[in-house]
Number of protein chains: 2
Amino acid sequence: MNNRQINILLVDDHAIVREGYRALLEKQPNMNIVAEASSGEEAYFLFKQYRPNLLIMDLSLPDQSGIETISRIKKYEPAANILVFTMHQNPLIASKAIQAGARGYITKNNLPAVLIQAIYDVHCGVMALSQDIEKAIALDSVAGPAVAIKELTVREFEILRLVVTAKSAAEIAEILNISPKTVANCHYLIKRKLGVSNDIELTHLAIKMQVIDPGECLQ
Amino acid sequence: MNNRQINILLVDDHAIVREGYRALLEKQPNMNIVAEASSGEEAYFLFKQYRPNLLIMDLSLPDQSGIETISRIKKYEPAANILVFTMHQNPLIASKAIQAGARGYITKNNLPAVLIQAIYDVHCGVMALSQDIEKAIALDSVAGPAVAIKELTVREFEILRLVVTAKSAAEIAEILNISPKTVANCHYLIKRKLGVSNDIELTHLAIKMQVIDPGECLQ
DNA sequence: TGGAAAACGGGTGTTTTGCCCGATTTTGTA
DNA sequence: TACAAAATCGGGCAAAACACCCGTTTTCCA
């Protein structure tokens with residue numbers, strides 16, 4: 001990779017956070033924010049338009065499609081450099097994001113300098129994980145009770161997240177642009193893989209595994 | 001209130017967000033950030049030390065003590081002006097924060113300008129609520145589930161508790177010595193009364209209303 | 001580039017749901 | 001005590017959802 005200007009697309013739904021990125025990144029001589037998006041849809045669109053060298057994205061987007069957005073962008077451009085920068089310290093989410101094609105995962109608990117370093121790392125093709133996430137992944141893989149959830153495919157995980165926030169099959173189908181029938185089948189497979197027999201158990205499990213936090217679905 | 005310099009204490013556990021505040025607030029001629037805290041403990045300490053005119057705080061702090069911190073500070077200084085600025089759009093959280101003594105509640109979904117206005121409002125003694133929160137609170141108190149849940153009969157409430165701990169209709173029928181059909185009918189009536197359309201929403205609602213606590217399903 | 005895994009979605013019999021109804025049993029209160 | 005109102009119980013039935021099967025296409029790596 002070259003050491004020239006790094007053109008960055010910011011994806012975060014909170015304007016104040018984007019202000020923060022700007023203040024921070026524009027101090028770096030060779031970083032340049034070419035565009036900002038506040039939703040997954042917009043991110044995909046702007047990525048195609050601007051072709052940035054690097055994409056910094058939060059996962060909690062209004063259309064709930066953080067990981068899905070990574071998949072879409074990577075499908076369109078497998079060489080895309082995507083760095084996840086989010087508050088979620090959950091190793092499950094981190095590993096799904098990486099499975100989906102992210103090249104880095106840094107939590108917002110880290111100091112700005114860590115983000116800066118990660119940007120350089122990812123830009124040079126080095127996978128960047130913040131220490132807290134590395135630790136969480138390590139702990140999880142040793143004694144993790146979340147074994148079954150890891151068997152889920154990226155798509156299944158995505159659908160799980162939507163299902164447990166009480167979206168209907170039709171809504172999910174709409175969001176993901178697939179048939180409601182596929183959603184239903186996938187929903188069934190998720191339940192079978194996780195060994196639960198109804199949606200209530202599934203919800204409890206999702207909360208327990210911090211796939212969602214209790215209250216996330218309260219509007 | 002005077003119109004002089006507003007001395008602000010920032011409380012947010014994410015450095016990048018604090019960068020965002022800085023970039024934003026320092027553009028305002030009469031706002032001045034006197035200190036930053038990244039935990040509730042630190043916030044309390046710095047408040048005593050700096051006596052700011054206004055405190056902007058996020059609720060999701062590492063020591064999980066956002067609302068608790070508000071209480072502590074208000075106890076120490078009842079005149080403290082506290083403006084909550086958080087991602088939580090939950091009306092229950094908002095009302096608890098206000099009960100605890102916050103004089104404003106703005107979600108991070110809002111544009112920076114909304115925050116700026118709220119700062120002026122709170123500084124002048126006007127309660128500031130962002131529109132999304134106003135709406136959420138209104139919905140919640142008018143047609144809200146808090147009311148609806150009280151409409152449940154004793155039997156319905158009993159069945160609700162069993163349902164949301166993931167017991168099957170057959171099991172519940174067994175426990176209560178009634179027909180599974182009655183359980184199913186009752187289950188349906190509960191959902192109708194509470195205005196939810198599936199069991200996942202029902203589960204979330206039950207957790208939110210503390211019919212069962214989230215800890216009950218953890219492990 | 002070939003083979004495995006994942007994603008997608010049709011088909012179909014079985015359950016469950018949503019909503020109706022009437023029959024009993026409390027319950028509150030005049 | 002009387003008696004209406006509310007709560008409880010459960011049958012019926014069409015519509016919807018589910019569980020499970022399957023084959024096809026797409027994606028991903030080695």
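Naming convention: chains lettered A, B, ... in sequence-line order (proteins, then strands); numbering from 1 in each chain. Because the structure is predicted, anything quoted here is derived from the model rather than measured.
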Starting at CG of A/L55, measure out to OH of A/Y44 and round the result to the nearest 0.5 Å. 12.5 Å

When rounded to the nearest 0.5 angstrom, what distance separates OG1 in B/T69 from CG in B/L59?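 Answer rounded to 0.5 Å: 9.0 Å.
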
Is [X] salt-bridged to [Y], cutoff N-O under 4.0 Å?
X	Y	answer
A/K193	A/E151	no
A/R161	A/E156	no
A/E68	A/R155	yes
A/K108	A/D12	yes
A/R22	B/E19	no

Among [options], the one nearest [X] by side-chain distance:
X	options	answer
A/K75	C/dG9, C/dC8, D/dT27	D/dT27
B/T153	D/dT8, D/dC13, C/dA6	D/dT8
B/N185	C/dC8, C/dC19, D/dA19	C/dC19
B/R192	D/dA19, D/dG11, C/dC20	C/dC20
A/I178	D/dG10, C/dG9, C/dA7	C/dG9
A/Y188	D/dG12, D/dC20, C/dG9	D/dC20

d([atom1], [X]; [atom2], [N]) in whole Å:
X	N	atom1	atom2	value
A/N177	C/dG9	CG	P	10 Å
A/I175	C/dC8	CD1	C1'	18 Å
B/L202	C/dT16	CG	C1'	15 Å
A/I159	C/dG9	CD1	C1'	12 Å
A/E77	D/dC28	CD	P	13 Å

Whichever of A/V154 and B/N198 has the more 5' nearest nucleotide on DNA chain C, that residue is A/V154

According to a strict under-4.0 Å criterion, is B/K191 in side-chain N/O contact with OP1 or OP2 of C/dG18?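 For C/dG18, OP1/OP2 do have a side-chain N/O of B/K191 under 4.0 Å.
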
Quick one: is C/dC8 close enough that its OP1 or OP2 comes under 4.0 Å of any side-chain N or O from A/T182?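 False: A/T182 side-chain N/O out of range (4.0 Å or more) of C/dC8 OP1/OP2.
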
What bend angle does the helix from C/dT1-D/dA30 to C/dA30-D/dT1 show across its length, from five-pair end axes and to the nearest 10 degrees?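 Here the helix ends are tilted 50° relative to one another.
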
